[in-house]
Structures are given as C-alpha cells and as structure tokens.
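Written out below as structure tokens is the structure these notes cover.
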Amino acid sequence: MAFLYKKEKIMNFIEDLKWRGALNQVTDEAGLLEAMDNGQIGAYVGTDPTADSLHLGHLIPFMVLKRFQNAGGKAVIIVGGVTGAIGDPRPTTERQLLSTGQLATNEVGISQQVTKLFGSDGTKIVNNNEWLGQLTLPEFLRDYGKLFSINVMLKKDVVASRLATGISYTEFTYQILQAIDFLQLWRRENVRLQIGGSDQWGNITAGVDLIHTIEGNGASAFGLTIPLMTDSTGKKFGKSEGNAIWLDPKKTSPYTFYQFWFNQSDADVVKYLKYFTFLSPEEIDDLAQEVAENPGNRLGQRRLAQEVTRFVHGQAAVEEAEQLSAALFSGDVSELTTEQIGDVFAGVPSFDIMNEPQNIVDFIVAAGIDKSKRQAREDVSNGAIHVNGIKITDLETMVDPRANYDGKYVLVRRGKKKYFLGKVQGTAL
RNA sequence: GGGAGUGUAGCGAAGUCUGGCUAAACGCGACGGACUGUAACUCCGUUCCUUCGGGUUCGUAGGUUCGAAUCCUACCGCUCCCA
C-alpha cells in the first residue's frame, strides 16, 4: 500500500517525497516503509489555531499528509486545543497568548478547512484538550516530566536559540506537550508517524523518544520533516504583497488564490508543481519540458494554478477564476455588461460606494484602495489608476458612480493587475 | 537586590560623545512606472500625515535651551553580568 503510480514510475511514499523535494529528514526510513507495508497506520500533523484560517504555510505539511493518505494511510490532524493555548516557541521572541474565545473561533474555522481538504472518510480531526485538558499537574510531573531530561530539552534548536533572548517556562514545556500528543495518538489512533516542517524536528523526536521510553524500544514510531520552502530568490514562500495567502475564500478570494499560483516565476513553477499538486512524475516532467521550451505560454503556471485551486476551493472556483482572469487580462473591461460584472467579478475585493460624484483621490482612499491621500495622489500621477477601464491621471477628476454599468458598479484597477469592485449604494443623504 | 547595556520609521541599522545644515543616512521589504510572457532580471520613481501653508515623530512623562532623536530627571520594556 505504500506504492504510488503503479502504472507509471513505481515509487514508494518516501521515494516520491524525495523526488518532489519534500523530504528533509526521516527518523527511520526503512522502518517506516516496513510499517506501512504491514497494514494501515496513521500519520498526524498538528496545527495550532493561531488564526481563524489556514494559510499556504500550513498547506506544506498537509500536502505530505495527503500523499500519505493517498498511499493508503490514515490521516489524523490535531487542531490546537491545549498546545494552541500554550504556543510553540519561535526562535526569536515569546508569543502573545490568544484569548480563549479567539482560540475557540479559530479552532472551528480551521477544523472546517481541514475537513474540506481531507474529506471526512477515515480522516480524524482531534483536539488535544481531550487528553491534555484532563491532565493534572501531579500526574504531568510524575508520569511525563520524570521522563524528560532538561539537558536534552535545552539542546533542541529552538530552545537553544531562545536561551540568548529568554524563554518562558510555559513555552519551554511545549515540546513535552507535543510529545504527549504523539504518544496519545499512537495509542488511540494507531498513529505511527508525525509529519511537520523542519523546525518541528525537535518536537517530533521528543515524541518518538517518549513513545520508545514508555512503550518499549521496539515500538514503531517515526518522524518526518519537510524542508523549509523558499522561492528562487530565497524568500520565504507563501506571501503576496507581504500578505499571507489564506485558504479561507473570504480572506483570500479564489481568484486571488489562483492568481498567486499563476504568477509564479519560471524558476519556481516546476518545484511547486512537484510539491503542491498530485500530478504524476510523467505529467510533471512533460510540463517541465514545456516550461523550458515555451516559457511564454505559461502552461506550467496555469496547470499549477488549476490544480492547487481545485484542491483547496474546488472545480467551480477554478472555472470562475479562469473566467475572471480572462475578462481582466484580455479584453477591454468597459465592454463588459453589468451582468458579467456582477457574476464574474464577485471574486475581486469589493467596497461600497455612495451614489454621488467624488474626487478621484478621495474616492480611492474611501474605497480602501490606498491608505492615504498622499499615496493616492502618487498613484494617480503615475498613471496607476484606471476607472472602468480608463486611465485617470488628473488629480481633479471627478468619479461619477452612475457613469457605467447601469450605475451599479465602479471597476477600479491599481497598477497592472489589481482590481477592486465598487458596489454603488443608495444616494447619499 | 547590585552593576552594565539597550529601546530610532514595516524590518534591519546610522545618527546621540561634538544640540541647529535631520522628517531623520544606508540596506531590505513594500508600492508605482518602463521593459516583458499576468514571469525573472534590470532600470526609474515613491515610501509619517496634509486643506501642500504646514502639522505630528526617534520607548513614556517631564525638564534645560532661542532651538533636542541628540543634554538632564523619573518611569516602563528588553538583554547581559554579579548576588
């Protein structure tokens, strides 16, 4: 069951990850493959609910978990709970604790997204509050604390780097909690593998060690980490204009999501195709050749955008994003009908606007397109602003919302490819 | 508890000794423009707000001075060393 692509290249789970550049370290490669062959086992990824939605950074371990699932394994995901309330230490500074209300909201949002990605069949989403929440301090100290050596804990990279700047006792304890999670899932859900980013290595091995200590050295428990994702210029992957790309369509529209992938550079497409799609090595090799020979066609980028958008938002969203992209990047937007605008542009950031003429600069700021008048003036002067397809360069221009699209919409473009849809409200009092 | 440092725009980092020429160097990031393939590279411009007169900034609050990021006092945060 650990084998994929039986009709084409034969690769097992690990070989496939290696080929995709998605493998950093494994605790015991041969042991893991053997365990996978001996019957279905589970693997888990933990997520702390630091926001009400997942973003692309989270998708990285989830992609590997999904491959594990596709290879016949059982996917288990921990969404926050106690570990989320504590905070995984960052290498630099102490985290700000989230309120319990915020945590609860975040957990709900993230659980829904995870369910969408993994399906409900056989996938298990758990909250570690189930076991960590019941644990009393005396039990914690007697049953677990005794098994952890401070000397070893201090050597973990994250802790070591924090010794210079300071780390609270709370965050220091995090690795123990995560180790307990692994142990509990090992017992409850037959989880034998924990998957995480390369920064999770220390936490993961803490869990493997704990299982070996309690369940015996022969106990089958493995850890696997994924390399840090960077783009070809060495920057951390997953940001657009300095903002995170969210999986929640309300926070990042499927159109924006699609465009994020579509705009990847030639140097990165193949890497991302391997990483973020479930296309076979043959298909990816073909696309790689296409990118090398006819980069201008952007076939690789297009396929990447389609595949990832489909995985996260579904086929309908792909079609909408492509329609919208076609409308925005090919023809003249002033030719579009009111209906087309309403249908197709739903995915673009929108704002409400009063039904009365307004100076262009004030209009831009009121719409939230720029954050200050200074910036708005600069953009207008630079010829960066188009209203309903017409470039505006005069700072004194008045924008009349009634002028186009039956007075219902005002379509604004800033720069080469950022669109905003103004929805005209009633007349101002 | 004692001692030594440190806190500057989104980030990093000058400027502080020798107060005015500093809305504050430089780098990164970000935004816009040119080029292009909705790419990368490169180049150019912008990057506190503004009714374009000016206004408000350099941890916080006071003080000295004609004038303070720069000097003084107190307080707050962070780091290190000693106890």
Side-chain angles (χ1 to χ4, degrees), chain A residues 89-96 160-168 171 230-245 253-273 287-288 290-306 308-309 318 321-333 344-345 347-349 358-387 389 391-393 395-396 412-420:
Chain A
R90 286 181 293 207
T92 47
T93 52
E94 192 81 6
R95 280 179 194 276
Q96 183 73 41
S161 67
R162 283 287 293 280
L163 289 179
T165 56
I167 181 169
S168 67
E171 289 195 0
T230 53
D231 68 19
S232 53
T233 59
K235 281 185 229 125
K236 203 170 170 203
F237 155 89
K239 296 268 173 102
S240 167
E241 302 157 36
N243 299 315
I245 302 286
S253 73
Y255 162 74
T256 305
F257 188 87
Y258 178 94
Q259 285 287 324
F260 170 81
W261 295 105
F262 191 86
N263 277 299
Q264 292 304 323
S265 72
D266 300 342
D268 292 321
V269 212
V270 175
K271 176 167 73 182
Y272 293 157
L273 279 166
L287 285 167
E290 185 61 31
V291 170
E293 287 168 8
N294 301 302
N297 293 341
R298 309 179 68 78
L299 270 185
Q301 281 90 338
R302 179 148 195 225
R303 194 69 196 275
L304 176 67
Q306 290 171 334
V308 188
T309 306
V318 173
E322 296 205 308
Q323 272 182 42
L324 180 48
S325 299
L328 291 177
F329 289 101
S330 58
D332 178 356
V333 291
V344 165
F345 283 61
V348 143
Q358 198 175 10
N359 173 269
I360 183 68
V361 173
D362 296 323
F363 175 84
I364 290 169
V365 175
I369 293 169
D370 276 328
K371 64 182 190 309
S372 75
K373 292 188 179 184
R374 212 225 87 248
Q375 180 74 49
R377 272 191 220 97
E378 183 185 321
D379 284 343
V380 172
S381 307
N382 284 340
I385 300 295
H386 292 246
V387 174
K391 184 190 278 192
I392 307 283
T393 50
L395 292 171
E396 302 306 316
V412 186
R413 183 182 121 197
R414 190 191 83 210
K416 280 188 291 186
K417 49 194 178 190
K418 287 184 204 77
Y419 286 87
F420 305 85

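Letters A, B, ... are given to chains in the order of the sequence lines, protein chains preceding strands, and every chain is numbered from 1.
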From [atom1] ([X]) to [atom2] ([Y]), nearest 0.5 Å:
{"X": "A/D370", "Y": "A/F363", "atom1": "CG", "atom2": "CZ", "result": "12.0 Å"}
{"X": "A/L304", "Y": "A/Y272", "atom1": "CG", "atom2": "OH", "result": "9.0 Å"}
{"X": "A/R413", "Y": "A/I369", "atom1": "CZ", "atom2": "CD1", "result": "12.5 Å"}
{"X": "A/N382", "Y": "A/R377", "atom1": "CG", "atom2": "CZ", "result": "13.5 Å"}

For A/Q259 against A/F329, the heavy-atom pair lying closest together |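 Closest approach of A/Q259 to A/F329: NE2-CE1, 3.6 Å.
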Does [X] have a side-chain nitrogen or oxygen under 4.0 Å from the phosphate oxygens OP1 or OP2 of [N]?
{"X": "A/K373", "N": "B/U51", "answer": "yes"}
{"X": "A/S372", "N": "B/U50", "answer": "yes"}
{"X": "A/K418", "N": "B/G32", "answer": "yes"}
{"X": "A/R374", "N": "B/U50", "answer": "no"}
{"X": "A/K417", "N": "B/A39", "answer": "yes"}

With a non-hydrogen cut-off below 4.0 angstrom, is [X] in contact with a base, only sugar-phosphate, or nothing?
{"X": "A/A267", "value": "nothing"}
{"X": "A/S381", "value": "nothing"}
{"X": "A/R377", "value": "base"}

[X] side chain: which of [options] is closest?
{"X": "A/D379", "options": "B/C35, B/G32, B/C49", "answer": "B/G32"}
{"X": "A/S265", "options": "B/A40, B/C52, B/U38", "answer": "B/A40"}
{"X": "A/N263", "options": "B/U46, B/A39, B/U38", "answer": "B/U38"}

Gap in Å between the two [atom1] atoms, one belonging to [N] and one to [M], rounded:
{"N": "B/U70", "M": "B/C82", "atom1": "P", "answer": "33 Å"}
{"N": "B/C31", "M": "B/A39", "atom1": "P", "answer": "13 Å"}
{"N": "B/U64", "M": "B/C72", "atom1": "P", "answer": "15 Å"}
{"N": "B/A25", "M": "B/A14", "atom1": "P", "answer": "14 Å"}
{"N": "B/A83", "M": "B/U8", "atom1": "P", "answer": "32 Å"}
{"N": "B/C17", "M": "B/A69", "atom1": "C1'", "answer": "14 Å"}
{"N": "B/U60", "M": "B/G10", "atom1": "P", "answer": "13 Å"}
{"N": "B/C81", "M": "B/G27", "atom1": "C1'", "answer": "33 Å"}

Watson-Crick or G-U counterpart of [N], or none if no pair lies under 3.5 Å:
{"N": "B/A61", "value": "B/U73"}
{"N": "B/C48", "value": "B/G55"}
{"N": "B/A23", "value": "none"}
{"N": "B/C35", "value": "none"}
{"N": "B/U79", "value": "B/A4"}

Send over the distance from [X] [atom1] to [N] [atom2], rounded to a whole Å.
{"X": "A/D266", "N": "B/G37", "atom1": "CG", "atom2": "P", "result": "12 Å"}
{"X": "A/Y419", "N": "B/G32", "atom1": "OH", "atom2": "P", "result": "13 Å"}
{"X": "A/R413", "N": "B/G33", "atom1": "CZ", "atom2": "C1'", "result": "12 Å"}
{"X": "A/I369", "N": "B/C31", "atom1": "CD1", "atom2": "P", "result": "15 Å"}
{"X": "A/L395", "N": "B/U51", "atom1": "CG", "atom2": "P", "result": "11 Å"}
{"X": "A/F420", "N": "B/C31", "atom1": "CZ", "atom2": "C1'", "result": "11 Å"}
{"X": "A/F262", "N": "B/U36", "atom1": "CZ", "atom2": "C1'", "result": "14 Å"}
{"X": "A/R303", "N": "B/U38", "atom1": "CZ", "atom2": "C1'", "result": "20 Å"}

Is the base of B/G45 touched by the side chain of A/N382 through a donor-acceptor pair closer than 3.5 angstrom?
->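 Looking at the base of B/G45, it does not pair with any donor or acceptor on the side chain of A/N382 (distance under 3.5 Å).
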Examine the base of B/U38 for any acceptor or donor lying under 3.5 Å from a partner atom in the side chain of A/Q301, and report the outcome as yes or no.
->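 For A/Q301, whose side chain was compared with the base of B/U38, there is no donor-acceptor pair (under 3.5 Å).
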So, are A/D266 and A/R298 salt-bridged, with charged N and O less than 4.0 Å apart?
->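 Salt bridge absent between A/D266 and A/R298.
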Is B/G63 in the syn range, within 90° of 0, or in the anti range?
->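 Anti, angle beyond 90° from zero.
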Look at the aromatic rings of A/F257 and A/W261 and report parallel, tilted or perpendicular, splitting at 30° and 60°.
->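 Plane angle over 60°, so perpendicular.
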Okay, side chain of A/R303, backbone of A/L287: is any donor-acceptor separation there less than 3.5 Å?
->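 No, the answer is negative, given that no donor and acceptor are paired below the 3.5 Å cut-off.
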If you pin A/K371 and A/K416 to their nearest nucleotides in RNA chain B, which one's is more 5'?
->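 By nearest-heavy-atom nucleotide position, the 5'-most residue is A/K416.
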Hey, which of these two, A/G296 or A/D362, hits RNA chain B nearer its 5' end, going by closest nucleotide?
->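 Checking each residue's closest nucleotide, the 5'-ward one belongs to A/G296.
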